[in-house]
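What follows is one structure encoded as structure tokens, with my remarks underneath.
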Amino acid sequence: MRWLVGWSSVAASFGTVGAVGGRGEGRTVQPVGSQLLWGDPDPLWAVGDWRPDEVRVVSVPTPEGAPAVRLAVLGCCGATDEQLRVGLLAARGGALRHLTAWPGSYTAVVQTGRRVTVAGDLAGARPVFHTPWANGTAFATAALPLADLIEAQLDIGHLAALLACPESPEALGDGTPYEGVKRVPPGHALILREGSREVTGYEAVASLAVAAPQTDPVSAVEGVRDALVEAVRARLTAPRHAPGTLPPDPGPVPGMGPADRRAARGAPVPGIGADLSGGSASATLALLAAGLPGLPGTVLGHGTGAGERLLAVTYNDLSTQGHEDELERARAIAADPRLHHVVVAVGEEALPYAALESGPLTDEPAPSLVVAERHRRRLAAGSADHFVGHGARQVLDAHPARLADLLMDRRRRHILRPVAALARAEGPTAHSLFVPLSVYRAARRLARTSYRTGLEEAAVLLPDANRFGPGPDTPAGASLAALAWSRPGPAARWLTGEALAEVSVRLQAAALRPAPVQRPGEARARAALARHAADQRILEQAAEVRSQRLHAPFLDNQVVRAARALPESLRVQPGARAAILRRVLSGAGIHELPPGWGVPSQATANAAGRTGLRTALPELIALFDAPLLADAGLIEARVVRRALRAAADGEPLPLDGLADLASTELWLRRLVTRRGTCWTGTAAPRRRAVAGGVVPARRTLQP
């Protein structure tokens, strides 16, 4: 895991090791395995296995004795040093948006005298956390180190909100699973001045009274194309890295080539690679990375390098059916001579819920923990720099609540095609005839419901979430459920009444605060993106392969910003994502795509989840035999065990909710059995987060 950490305080010196003059060496706390970027009075460290080109520090000349003005950029950033200096000067004057406009995925930290600014990203894949410490404020890009620093206990109320309403920022607030550690919302920056802190947004705020001017669809798609091309180019032009020291090759193994043996040892292939699942997102990135024109040093200006082919990895799950069409599409795309195609065939050993006993402790809980082994096997066959298409659905697709936004702008005709598509998805039944009317009524009701009223209604209904029947298993049912300001998550039905009541109190308190200047569709879409980006961040930690970097360009700032300029009338149309990406590829000179390209494949993922749950049922029952979630008062163990058996028998229960419960319980067990701390030094904390390794008892609700 890689992270950066620093702090700001009223004190002029903490005795940072390596600071000018070496004041007070050894008397201060330091992160373990850290690299000091700058010292007192407001030090900053990079911690973990950062590559040399991933840590860049630039400064501008200042008069003798004047405060330092410098910028640190950590991650993959496509800006030149001169562009970084221009951005530093702009940020010194308060234009923070300049820090987020470069291609790539990175975290920017600006120091101007005693003022320190840390900019988070738009999606939430690179969050910023902060906590009060030593008469000031400490900040980091990971929550666990800050919890260690202040010896924090678990925040059971936040865990309850994370399970009950995972896509409702009103319930989650700015909290984390650790008491006292706060999160900076996506699209905001943390500003510290001698220990005092301020969180401010850097994006323009739209008006609710007047509809925003509609961008021309052609120009908007061209903007997405340019942003994606620049995002991919930023990765391709970065220095290449070969995997580090590897275990010795066992030599010839029957049926295994050198690449297979390397993957078995858990090491990526040198060079550039990409997922190629047959879907539109991964195929777009693979084709762009393989044939992006204009790169220096390539044959005729094409390809990933002189004589180099991009490694395209296709995951073939032999334990479930329905992947045949995807595999054929992937093979058709991989027929491009600039691609080297590798098919990773796995069986039951890589189903969801496999190898739950292994895996590292991640920063926070996330549903991806139960599929970490599945992804790790795929990524081990990938490259040192590997593209993934995660986030494309949340960035490009339209959240169902955007139908309400169209009605608010009196664009009723634009909702005809999406509601007709939902009716067709229901099949030729009597119920499908009423789907368009039901969806229209729900969208109109949401458009006429204020933010405060919507949250108050959600708070009233939430305590009855554990009495809900089977969740919506059709596209129309899911869309109707999503047409609300806030809705319970799939795991809410298995939480205790006390836990749901506490989350309900959180929603009621949020309803009394000033309403955000966002329409319901826009607000729900941003919340869904933040949820997915957080899960992607935890997936990178849980399925991490040594010496490998995962690149998700769809979560980059510039791509998210370009996608937000897409007209809502274009987003809500059936097949909009595939159509947009087809036009992106066409603009990049790629026209021939296999039949069926862009067809949704969510059904196969659901089938794999049910098969994995059935296969791992004994381990899951043992996991919930004496769960820590029950000790915290969030669930009743017997209720969850009964639900697991019922889902394994085929009952239509929400598998996502069971995955949320299993991943949270798994994360808690890894946390309480953890040894060591993130800090060292004579003044370092003597206890780790969740001191004593015991989950605190459930607090009594206050009236």
| message | Return the SG to CZ distance between Cys76 and Arg235, rounded to the nearest 0.5 Å. | response | 5.0 Å

| said: Assess the residue pair Arg583 and Arg225 against the criterion (side chain to side chain contact (heavy atoms under 4.5 Å, CB included)); give the C-alpha distance rounded to whole Å, side-chain angles, the decisive distance to 0.1 Å, and a yes or no. | reply: CA-CA 8 Å; Arg583 292 162 67 177; Arg225 180 200 63 199; over 6 Å; no

| Steps toward side chain to side chain contact (heavy atoms under 4.5 Å, CB included) verdict (Val371, Tyr353) | CA-CA 6 Å; Val371 294; Tyr353 304 101; over 6 Å; no

| query | With no hydrogens and no angle check, is any side-chain donor or acceptor of Arg669 less than 3.5 Å from a backbone partner on Leu623? | reply | yes

| request: For Val344 and Val346, run side chain to side chain contact (heavy atoms under 4.5 Å, CB included): C-alpha distance rounded to whole Å, both residues' side-chain angles, the deciding distance at 0.1 Å, then the answer. | output: CA-CA 6 Å; Val344 180; Val346 297; 4.0 Å; yes

| task | Would you check if the side chain of Arg670 reaches a backbone N or O of Thr362 as a donor-acceptor pair within less than 3.5 Å? | result | no

| query | Taking Gln558 for the side chain and Ala101 for the main chain, is one N or O donor matched with an acceptor at less than 3.5 Å? | reply | no

| task | Check the angle between the aromatic planes of His551 and Phe387 and answer parallel, tilted or perpendicular using the 30° and 60° thresholds. | result | tilted

| Among pairs that include at least one residue of residues 609-619, which meet salt bridge (charged side-chain N to carboxylate O under 4.0 Å, His left out), considering only residues two or more places apart or in two chains? | none

| said: Any carboxylate oxygen within less than 4.0 angstrom of a Lys/Arg side-chain nitrogen, looking at Asp660 and Arg531? | reply: yes

| task | Write out all pairs satisfying salt bridge (charged side-chain N to carboxylate O under 4.0 Å, His left out) with one or both partners inside residues 339-368, taking only residues at least two apart or from two chains. | result | Arg183-Glu364, Asp363-Arg537, Glu364-Arg537

| message | Quick one, Val640 with Leu661, criterion side chain to side chain contact (heavy atoms under 4.5 Å, CB included). Give me CA distance, side-chain angles, the key distance, then yes/no. | response | CA-CA 9 Å; Val640 176; Leu661 292 175; 4.1 Å; yes

| said: Using only atom types and a distance under 3.5 Å, with no angle test, would you say the side chain of Arg675 pairs donor to acceptor with the backbone of Thr673? | reply: yes

| message | Let me confirm one number: the NE2-CG distance from His386 to Asp275, rounded to the nearest 0.5 Å. | response | 3.5 Å

| Minimum side-chain heavy-atom gap Tyr315-Leu327 below 4.5 Å | no

| Is Asp317 salt-bridged to Arg377, cutoff N-O under 4.0 Å? | no

| task | Indicate yes or no: does Arg51 engage Asp53 in a salt bridge with an N to O separation below 4.0 Å. | result | no

| message | Using modelled atom types and a 3.5 Å cut-off, is there a donor and acceptor pairing between side-chain atoms of His532 and backbone atoms of Gly391? | response | yes

| note | With Leu658 as partner, the option from Leu620, Val370, Leu644 fulfilling side chain to side chain contact (heavy atoms under 4.5 Å, CB included) is Leu644

| request: Calculate, to the nearest 0.5 Å, the distance between atoms OG1 and CG belonging to Thr664 and Leu671 respectively. | output: 12.0 Å

| Roughly how far apart are Leu339 CG and His341 NE2, rounded to 0.5 Å? | 8.5 Å

| task | May I ask you to check whether Arg126 and Thr141 show a side-chain donor-acceptor distance below 3.5 Å? | result | no

| note | Interatomic distance, CD@Glu540 vs CD@Gln548, rounded to 0.5 Å, equals 10.0 Å

| Sub-3.5 Å donor-acceptor pair from the side chain of Ser383 to the main-chain atoms of Asp385, do we have one? | no

| task | Answer yes or no: is there a donor N or O on one side and an acceptor on the other, between the side chain of Asp556 and the main chain of Val559, under 3.5 Å? | result | no

| query | Would you call Arg561 and Thr100 a side-chain contact if the rule is heavy atoms closer than 4.5 Å? | reply | yes

| message | Strictly below 4.0 Å, N to O, side chains only: are Asp397 and Arg571 in salt-bridge contact? | response | no

| message | Within this structure, what is the CG-CD distance for the pair Leu159 and Glu665, rounded to the nearest 0.5 Å? | response | 11.0 Å

| message | I'd like to know if the side chain of Ser663 reaches the main chain of Ala366, judged simply by a donor and an acceptor atom lying under 3.5 Å from each other, with no hydrogens or angles considered. | response | yes

| request: Using a strict 4.0 Å threshold on nitrogen-to-oxygen distance, state whether Glu54 and Arg549 make a salt bridge. | output: yes

| said: Before you tell me yes or no, could you show the steps for Arg2 and Asp49 under salt bridge (Lys or Arg N to Asp or Glu O under 4.0 Å), namely the whole-Å CA-CA distance, both residues' side-chain angles and the distance that decides it to 0.1 Å? | reply: CA-CA 6 Å; Arg2 293 168 297 278; Asp49 59 335; 3.2 Å; yes

| task | Report yes or no: does Ser586 contribute a side-chain atom to a donor-acceptor pair with the main-chain N or O of Arg582 at less than 3.5 Å? | result | no

